[in-house]
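Worksheet for the structure shown next.
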Amino acid sequence: MGVRSMRADPSKFYPINVTDTCSVWNVLSSNTLYAAARGAGCSFCITSFVQYELLYKPRKRQHNADQELKKRLKQEQAADRFKAHQSTIDDLLAIGVLEQRKRLGKGELSSIAFAVKINQGFLSDDKNAFSLAKERGVVSTQTVPHLLSWLMFTGVLSDADARNVIDEHKALNRSLEMQLHEAREETLRCLQNTP
Amino acid sequence: MKQDFATTLQRDKQILNPAIAATQIRSALGVSDETAIPDVYGAFRSLGIHVFRRKLGNSNISGLFVIHPVAGKCALVNSSEDIYRQRFSAAHEMAHAIFDSDQSASVSLFDSRNDPRETRANKFASNFLMPKSFLKKLPDPKKWTDDDVRKYASRFKVSCAALGYALKSANLIRQELCERMVVLQVPKETKVDPELPSNLTQMQRERKTRLLDLGLSDFYVQLCFDAFQEGVISLGRLSEALLCSPSEMMELSSLYGRSIYAR
């Protein structure tokens, strides 16, 4: 299930994140969001398995949206961002996530294990992966809608920018439209209540 | 009703007789002897057996049956074959699930008449799809025209060859007539795959056919979405189970009218 109901504090966001498969595409789906996040000091990395799933795993069909997202990821990696790191079986064993292999994808499991190993945040838009990361003591478990909230709350993005983020996200067939709208509205409400 | 009827039957001595087993299973499924089994795969699943279909590179293999250490009894039907032939193969694999679960795996080749287990499975499949009691109630098959053969084959949703052999086995026709029937064909356009019903749009049909070719039946896809919806599996796991990329997942959820982010 998605992360719709996962409320987060818009005033805080852990800037360094191991990013799981779906969330890489969610972050990169909006140039506005990604540029703002980078400008605000965020950095993202992935595991080699996530890189394989996103860039190299053979697919029957290539969607235009996938082509574009792959292009963006390759560009970022060429600039030494979204670096891929090896996550080993020992990393998985160390935090006992292997027993979850029937419930979670390999990309999610390797990302959680690596986030624990390097003691950095974990970015995921899946409720199960999110919950497991929290259980396993990842320093900070966050979502892409939370990232949007934080960027709005801290004044990096305006409401108009946020709407643009959602439009860009939709244009690449991503699925967080509703969650991003909710995050946007919630942040506007928080901003109104802020002295 | 979900039931492991196959296991119940195994405890029963009558299981030695494939025709009786077929009758009992039809009865347990609530299908009268005079009705064709509408969805043999659904029937299979309701007996607690996992059934998958996918195109197999080796066209000599009709199907296979394995006992998976976790999933239990699983059958795979070669979906490269004709729709009616696949029904027979599925019923044949059902027989292996009932009779041969002492074997951890069996592969059914297109022609394996010399193996007694395969012969028994074929007898079961024939009786399951075309109960002998009903064959005997049909007008005298010795007087059938070729069109009659096709008509009755369509009624049972079996190939003319399967019908010919069943009639011969029931001593209702002789070898020569059986041979005449065996070469007849039911027109392809009249055959409906229960997993690709006629109410699908052209685009839906093409997409679902592609999925079936990969081994992703309607039942399996819905089951995966249910598991995701219930929070049993994550989005990443769902994507792996459905053999698709995140973008393909969006397309698939839309095809099945399922939300990836349910309330």
Start with the C-alpha gap between B:Glu251 and A:His63, add the side-chain angles, then the distance that decides, and say whether side-chain contact (heavy atoms from CB on, under 4.5 Å) holds. CA-CA 10 Å; B:Glu251 197 179 88; A:His63 291 252; 2.8 Å; yes
Interatomic spacing from CE in B:Met249 to OG1 in A:Thr21 - rounded to 0.5 Å: 10.5 Å
Quick check for you: to the nearest 0.5 Å, what is the distance between A:Leu109 atom CG and B:Arg237 atom CZ? 9.5 Å
Is the [atom1] atom of [X] crowded by more than 12 outside heavy atoms at less than 6.0 Å?
X: B:Gln185; atom1: CD; value: no
X: A:Lys57; atom1: NZ; value: yes
X: A:Asn193; atom1: CG; value: yes

Taking A:Arg103 for its side chain and B:Ser234 for its backbone only, find out whether a donor-acceptor pair lies under 3.5 Å. no
Using only atom types and a distance under 3.5 Å, with no angle test, would you say the side chain of A:Glu108 pairs donor to acceptor with the backbone of B:Gly236? yes
Less than 4.5 Å to any heavy atom of chain A: does that hold for the side chain of [X], its backbone, both, or neither?
X: B:Ser245; value: both
X: B:Leu214; value: side chain
X: B:Glu240; value: side chain

Between B:Leu235 and A:Asp126, which heavy-atom pair has the shortest distance, and what is it? N-OD1, 2.6 Å
Closest contact, heavy atoms only, B:Ile233 versus A:Asn128: O-ND2, 2.9 Å
